[in-house]
Participant: 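After the structure tokens below, expect a handful of questions from me.
Letters go in sequence order (proteins before strands), and every chain restarts at 1. Only a predicted model underlies this, so the values are computations on that prediction, with no experimental measurement involved.
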Protein chains: 2
Amino acid sequence: MPIKPRSPCLSASPDAAAAAGAAAAGDPGAPGGPGAAFSPLYRQIKGLILQSLDRGEWKPGEAIPSELDLAARFKVSQGTVRKAIDELAADNILLRRQGKGTFVATHHEDRVRFRFLRLAPDNGKQARSRSRFLECRRLRAPAEVAKVLELRAGDAVVLVRRVLSFGDIPTVIDEIWLPGALFKGLTAERLAEYKGPMYGLFESEFGVRMIRADEKIRAVPAGEPEAALLDVAPGTPLLQVERISFTYGDRPVEMRRGLYLTSHYHYRNSLN
Amino acid sequence: MPIKPRSPCLSASPDAAAAAGAAAAGDPGAPGGPGAAFSPLYRQIKGLILQSLDRGEWKPGEAIPSELDLAARFKVSQGTVRKAIDELAADNILLRRQGKGTFVATHHEDRVRFRFLRLAPDNGKQARSRSRFLECRRLRAPAEVAKVLELRAGDAVVLVRRVLSFGDIPTVIDEIWLPGALFKGLTAERLAEYKGPMYGLFESEFGVRMIRADEKIRAVPAGEPEAALLDVAPGTPLLQVERISFTYGDRPVEMRRGLYLTSHYHYRNSLN
DNA sequence: TAGTGGTCTAGACCACATA
DNA sequence: ATGTGGTCTAGACCACTAG
């Protein structure tokens, strides 16, 4: 046994917190066997905070307890809590505001929204965006979708299709697949009524918060139906963006295929 | 005067380091007038380390002094140096290796390379890549290039054009513009001879290290010459990637336009 | 065994927001 | 005046690497 894991915040001895090596929490780490990775205390605290977020103990937009409160609750020093929160803030899961507190990030802010909508106008002027929903229906998951969303083949999924326009110019076609179990009662009407970003609705109405997403991008020619929707000639090059979105615990909860018309907009990215 | 800036590591009084507010270093911050942003000590240390890196005091791949050494040099505690290095490591400018030291990041590693080459094979198998250089010549900067590279119109620039192939399949056409003053002696021969990534050559032979880049991505149809180079039909949709790369101090040092054939490769991206 | 980065703690004080 | 996050310090000890 190369590493000695100790119990986390149920520390047996009074001074056990000092120099504690703790079992992984939120890490890819293997189960307790040999080869188990060393995981520092602050990562375990991070894991515990993530659990609380996942189970909805603190809702998006709300403040979480102060660092000193959390330190008392977990029986560690403020510095250790601080480092856990630092990482969560770097992951854009929490938001620190000096003097006010630490808040659960929410999709009800433009700031967050543009993390997931990377299309920017060639000339800086950001036009009003508007969604037109083509359909919203429930069906059995096709094999590919089931695999990506980690469902059983045949499980219920919701398919949403929409056209996003910027200043009356149709620019994006989205085809969105969601696990049916999580999105009971999602209808085209509710989507159309809702003001604000779609992920805001998902978060407020269905308790599903998108944390992270992976995208694969290609250039493809517009087919007949897509061309009609975007008001361009068939064969026009479009940006195809395949996205898989994840919530807490890296659970996939959305599969999306977008087609972007990039004659006056571009996909922006930063390489760090 | 809302904020009292103090002298940094030339601290006058022996205990001046404690609770020091220091002039901005590396921040967007305004000059010393009213409205000057508060900048903590560790940010100033970060700025000093960046200066040392910029002036080449420590070369890519080398170790920088230990945290304790730097703490002594800057007359601050190890924790403050640590926080500065933390940020530089998060920026992928430095690389920490426990037990060994902290190293200047280098482009001579696949790990770093794939930060800047985001094209991945649809099936996991990454094929050998090979560059064919079409031309490398010096000319006067066109207006657009001069503007992007912050040169005077008419200053010398180097234009490199190449085709990148994966396993004998031509996949990328790059058109690269570099400031002539920084890349004296860059020729097609030196490019062709060089084994390894282009940024590795830039770093080793010309002392220019790319730190960060911004990209704008569009879908465009292949023109006649591009189609011929990529062995596809004219009009085939291609991914157009416009990149501006920066060195230390956010100085632009490369403008690049890439055309990617995405029938068997895709541009991968993560939204955090 | 020595040196390096990594973790954890405890306490002091600063900056910001609010009452 | 109080409570929050933010900075800085000092010291102890752990984990990893290498001679």
Participant: When you check the gap from the basic side-chain N to the acidic O, do B:Glu57 and B:Arg73 get nearer than 4.0 Å?
Facilitator: yes
Participant: Could you tell me which residues satisfy ring pair (Phe, Tyr, Trp, His ring centres under 6.0 Å) with A:Phe166, sequence neighbours excluded, listed by chain and number?
Facilitator: A:Tyr265
Participant: By side-chain hydrogen bond (donor to acceptor under 3.5 Å, both in side chains), which residues pair with A:Tyr199, not counting sequence neighbours?
Facilitator: A:Arg243, A:Ser245, A:Glu254
Participant: Under the salt bridge (Lys or Arg N to Asp or Glu O under 4.0 Å) rule, collect the residues that match up with B:Asp69, sequence neighbours excluded.
Facilitator: none
Participant: Could you state the atom-to-atom distance from CG of B:Leu88 to P of C:dG5 in whole Å?
Facilitator: 14 Å
Participant: To the side chain of A:Arg96, which of D:dG5, C:dA15, C:dT9 is closest?
Facilitator: D:dG5
Participant: Give a yes/no verdict on a cation-pi contact between B:Arg97 and B:Phe103, requiring under 6.0 Å between NZ or CZ and the six-membered ring centre and an angle within 45° of the axis.
Facilitator: yes
Participant: Tell me which of B:Ser66 and A:Ser77 sits closer to the 5' end of DNA chain C, going by the nucleotide each one is nearest to.
Facilitator: B:Ser66
Participant: What does the list of N/O pairs under 3.5 Å between the protein and nucleotides 17-19 of chain D look like, with a distance for each?
Facilitator:
unit_1, atom_1, unit_2, atom_2, d
D:dA18, OP1, B:Lys100, NZ, 3.2

Participant: Hey, does B:Ile85 have a side-chain heavy atom less than 4.5 Å from the side chain of B:Glu67?
Facilitator: yes
Participant: What is the ring orientation for A:Phe183 with A:Phe206, classed by angle as parallel under 30°, tilted 30 to 60°, or perpendicular over 60°?
Facilitator: tilted
Participant: Give DNA chain D the dot-bracket treatment, 5' to 3': Watson-Crick (N1-N3 with N6-O4 or O6-N4) or G-U (N1-O2, O6-N3) under 3.5 Å, [ ] crossing, | other strand.
Facilitator: ||||||||||||||||||.
Participant: Please pick, from C:dT7, C:dT9, D:dT7, the nucleotide with the shortest atom-to-atom distance to any side-chain atom of A:Pro40.
Facilitator: C:dT7
Participant: Measure the distance from CZ on A:Phe103 to P on D:dG5 and round it to the nearest whole Å.
Facilitator: 9 Å
Participant: To the nearest Å, give me how far apart CD (A:Gln78) and P (C:dA12) are.
Facilitator: 13 Å
Participant: From CG of B:Leu68 over to P of D:dG11, roughly how many Å is that when rounded to an integer?
Facilitator: 12 Å
Participant: Can you identify which nucleotide, out of C:dG5, D:dT7, C:dT9, has its nearest atom closest to the A:Arg82 side chain?
Facilitator: D:dT7
Participant: Grab the CG-P distance between B:Leu41 and C:dC14 for me, whole Å please.
Facilitator: 14 Å
Participant: Between atom CZ in A:Arg97 and atom P in C:dC16, what is the gap in whole Å?
Facilitator: 16 Å
Participant: Rounded to whole angstroms, how far apart are CD on B:Glu67 and P on D:dT9?
Facilitator: 14 Å
Participant: Taking only distance into account, with no hydrogens and no angle test, what donor-acceptor pairs under 3.5 Å do side-chain atoms of residues 118-129 of chain A form with protein atoms, sequence neighbours excluded?
Facilitator:
unit_1, atom_1, unit_2, atom_2, d
A:Arg118, NE, A:Arg268, O, 3.3
A:Arg118, NH2, A:Asn269, OD1, 2.8
A:Asp122, OD1, A:His266, ND1, 2.8
A:Asp122, OD1, B:Arg218, NH2, 2.7
A:Asp122, OD2, B:Arg218, NH2, 3.2
A:Ser129, OG, A:Arg113, NH2, 3.2

Participant: Measuring from the side chain of A:Thr80 (C-beta onward, heavy atoms only), which nucleotide among D:dG5, D:dT9, C:dC8 has the closest atom?
Facilitator: C:dC8
Participant: Output the single nucleotide from D:dT7, C:dC8, D:dT9 whose closest atom is nearest the side chain of A:Tyr42.
Facilitator: C:dC8
Participant: Nearest whole angstrom, please: distance from the P of C:dG5 to the NZ of A:Lys83.
Facilitator: 14 Å
Participant: Distance only, no hydrogens: is a donor on one side chain within 3.5 Å (strictly under) of an acceptor on the other, for A:His108 and A:Ser204?
Facilitator: yes
